[in-house]
Participant: 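Right, I'll just put the structure down here and ask away after.
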Amino acid sequence: MTTITTINPATGQNIRTFETISDQALQEKIDATHAAFSDWKARSIGERGELIRKVGERLVANKDRLAKLMTEEMGKPISQGPGEIDLCKAICDYSADNADKMLADEERELDGGRALVSYQPMGVIFGIQPWNFPFYQVIRYTIANLMAGNTVLLKHAPNVWGCAEALEEIFREAGMPENVFNVLYIADEQASQVTEHKHVRGVTFTGSAATGRKVAAAAGENLKKSVLELGSNDAFLVLEDADIDKAVNACVMGRVYNNGQTCVAAKRFVVVDSVYDTFRDAFVEKMRQTEFGDPMNENTQLGPVARKDLRDTLHQQVQDSIKNGATCTVGGELPDVDGFFYPATVLEDVKPGMPAYDGELFGPVAALIRATDEDDALRIANDSIYGLGGGIFSEDEERAVKLARDHFDTGMVSINGYYIAQPNLPFGGVKDSGYGREHGGFGMREFVNIKSLMIAQ
């Protein structure tokens with residue numbers, strides 16, 4: 001067994017320690033979750049939905065406590081924590097409201113008879129989740145799978161194990177049957193035992209593309225279906241007819257929200273030449289005014305990076321981009337303070353071959369890229385191994401919608417604003433941003449047995 005210590009990223013001080021469980025205890029947890037499946041799948045969708053709603057209610061009832069816990073463990077500004085919990089409740093309610101429709105049997109034609117397509121639960125689903133939205137990331141896949149009739153295992157990021165523990169308490173308080181949702185306090189090397197286990201029927205992972213490849217390979221080797229929600233370097237396009245004030249405000253929020261640690265954050269800002277200077281001046285000034293501070297302060301907009309190693313990696317990416325020709329307009333220096341803070345930073349003259357262009361900078365660092373025109377802006381946006389989200393700013397809404405729908409090679413596009421997850425809309429990407437969809441009811445169908453029944457008459 002291994003000792004895991006959670007650390008407050010705003011102070012660098014230890015919070016508490018956890019012990020990983022033994023391999024034998026892990027096997028017992030998996031078996032118990034499998035045993036719980038028989039009863040859970042037999043319950044009606046209405047019964048499941050009633051318990052799911054109660055999970056949402058318990059989350060909201062504990063909102064202040066959970067927001068503080070997120071701030072302590074991963075540095076989320078305390079003002080943003082309640083919104084994450086509200087999103088979790090909305091997911092619970094949407095799933096309970098729409099499961100009947102998404103999972104209903106479908107009548108199909110059949111020569112000499114009739115046919116039904118049925119969506120049946122598969123069994124135990126294993127989720128490996130990151131730290132940046134400690135409650136939302138778990139609720140996103142857990143609720144969809146529980147509504148579908150599956151049971152769930154969670155391996156959460158070790159730096160937010162207090163949040164994982166709190167989720168166990170929430171599910172228990174809501175009256176969820178024992179072992180329907182189980183948290184696994186395991187080391188990274190133990191995860192393969194879960195994927196390989198005969199009772200585990202699917203694996204869902206949110207995190208980096210590098211780790212996603214390993215997770216997908218292990219799942220594939222064991223013939224288990226997987227869903228991957230990976231990183232991105234989302235491009236936000238500012239076209240010549242954009243409302244510049246609107247674009248600047250949305251783009252700054254899209255870059256610094258959650259301390260810049262969001263997979264679907266705005267990261268590359270591709271601005272056509274005719275409005276580049278105007279946008280650049282206003283954007284740089286607003287980023288300059290975005291100061292980091294104590295995440296427990298309600299007025300703080302920018303807290304720390306979640307871990308020291310992540311902050312150091314981010315800084316190295318900035319320095320490597322500068323060495324390759326980028327210009328640092330604001331920020332870009334490690335502050336001499338306690339904790340793992342990084343200033344709001346703007347890089348200009350960003351080109352292919354730089355981390356700021358090709359990679360994912362997971363923190364409050366913006367890459368400004370000048371495009372000659374609309375076609376060039378779209379070329380730059382799609383010139384990426386990633387394809388999660390993106391954005392377009394243009395006052396010609398019809399034109400922007402056509403560009404987004406027909407030409408933007410991503411799973412999601414925001415138009416004239418910055419949006420993250422919506423309970424009623426599919427969430428997911430293409431290319432190295434992964435595959436599969438969550439939300440909007442689509443997540444309920446990712447890990448089900450789509451069964452054909454052919455009835456002769």
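Because only heavy atoms are used, hydrogens play no part in the values below, and waters and symmetry mates are left out as well, while side chains stay in.
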Participant: Does E333 have more than 12 heavy atoms from other residues, nucleotides or ligands lying within 6.0 Å of its CD?
Facilitator: no

Participant: For F393, what residues pass the ring pair (Phe, Tyr, Trp, His ring centres under 6.0 Å) criterion, not counting sequence neighbours?
Facilitator: none

Participant: Enumerate the residue pairs fulfilling ring pair (Phe, Tyr, Trp, His ring centres under 6.0 Å) with a member in residues 359-378, sequence neighbours excluded, ordered by first and then second residue.
Facilitator: W131-F362

Participant: By side chain to side chain contact (heavy atoms under 4.5 Å, CB included), which residues pair with D320, not counting sequence neighbours?
Facilitator: Q316, K323, P355

Participant: By side-chain hydrogen bond (donor to acceptor under 3.5 Å, both in side chains), which residues pair with E395, not counting sequence neighbours?
Facilitator: K246

Participant: Please assess V180 against V152 for the test side chain to side chain contact (heavy atoms under 4.5 Å, CB included), listing each intermediate value before the final yes or no.
Facilitator: CA-CA 6 Å; V180 165; V152 171; over 6 Å; no

Participant: Is a donor on one side and an acceptor on the other found under 3.5 Å between the side chain of N145 and the backbone of N150?
Facilitator: no

Participant: Would you mind reporting whether V430 and Y386 have side-chain heavy atoms less than 4.5 Å apart?
Facilitator: no

Participant: Taking the six-membered ring for Trp, is the centroid-to-centroid distance between Y136 and H439 below 6.0 Å?
Facilitator: yes

Participant: Show your working on salt bridge (charged side-chain N to carboxylate O under 4.0 Å, His left out) between D64 and K68 and close with a plain yes or no.
Facilitator: CA-CA 6 Å; D64 291 344; K68 182 180 178 184; over 6 Å; no

Participant: Judged by modelled atom types alone, do D241 and S394 share a side-chain donor-acceptor pair under 3.5 Å?
Facilitator: yes

Participant: Is there a side-chain contact between P134 and E73 in this structure, where contact means two heavy atoms from C-beta onward sitting under 4.5 Å apart?
Facilitator: no

Participant: So which pairs with a foot in residues 414-437 pass side-chain hydrogen bond (donor to acceptor under 3.5 Å, both in side chains), sequence neighbours left out?
Facilitator: R213-D432, S226-Y435

Participant: Under the side chain to side chain contact (heavy atoms under 4.5 Å, CB included) rule, collect the residues that match up with P158, sequence neighbours excluded.
Facilitator: I4, W161

Participant: Does anything in residues 343-356 pair up under side-chain hydrogen bond (donor to acceptor under 3.5 Å, both in side chains), and if so which pairs, sequence neighbours excluded?
Facilitator: Y276-E348, R280-E348, T327-D349, T329-E348

Participant: Apply salt bridge (Lys or Arg N to Asp or Glu O under 4.0 Å) to E285 and list each qualifying residue two or more places apart in sequence or on a separate chain.
Facilitator: R288

Participant: As a quick check of understanding, evaluate side-chain hydrogen bond (donor to acceptor under 3.5 Å, both in side chains) for S274 and E240, giving each step before the final call.
Facilitator: CA-CA 6 Å; S274 59; E240 68 275 2; 5.1 Å; no

Participant: Which residues pass the side-chain hydrogen bond (donor to acceptor under 3.5 Å, both in side chains) test with S22, not counting sequence neighbours?
Facilitator: none

Participant: Hydrogens and angles aside, do T290 and Q301 bring a side-chain donor and acceptor to less than 3.5 Å of each other?
Facilitator: no

Participant: Would you say the side-chain atoms of E19 and T3 include a donor-acceptor pair closer than 3.5 Å?
Facilitator: yes

Participant: Looking at residues at least two apart in the chain, or sitting in another chain, which of them share a ring pair (Phe, Tyr, Trp, His ring centres under 6.0 Å) with F427?
Facilitator: none

Participant: Taking all non-hydrogen atoms of both residues into account, name the closest pair between K155 and D188 and its distance.
Facilitator: NZ-OD1, 2.8 Å

Participant: In this structure, is the centre-to-centre distance between the rings of Y342 and F292 below 6.0 Å?
Facilitator: no

Participant: For D373, what residues pass the salt bridge (Lys or Arg N to Asp or Glu O under 4.0 Å) criterion, not counting sequence neighbours?
Facilitator: none

Participant: Under 3.5 Å, is there a donor-acceptor pair between the K76 and N258 side chains?
Facilitator: yes

Participant: Is a side-chain donor-acceptor pair under 3.5 Å present for N182 with T33?
Facilitator: yes

Participant: If the condition is side chain to side chain contact (heavy atoms under 4.5 Å, CB included), which residues does L378 pass it with, not counting sequence neighbours?
Facilitator: L237, L403, H407

Participant: Does one side chain, of T211 or S208, offer a donor that lies under 3.5 Å from an acceptor on the other?
Facilitator: yes

Participant: Under the criterion salt bridge (charged side-chain N to carboxylate O under 4.0 Å, His left out), which of E168, E169, E173 is the partner of R58?
Facilitator: E173

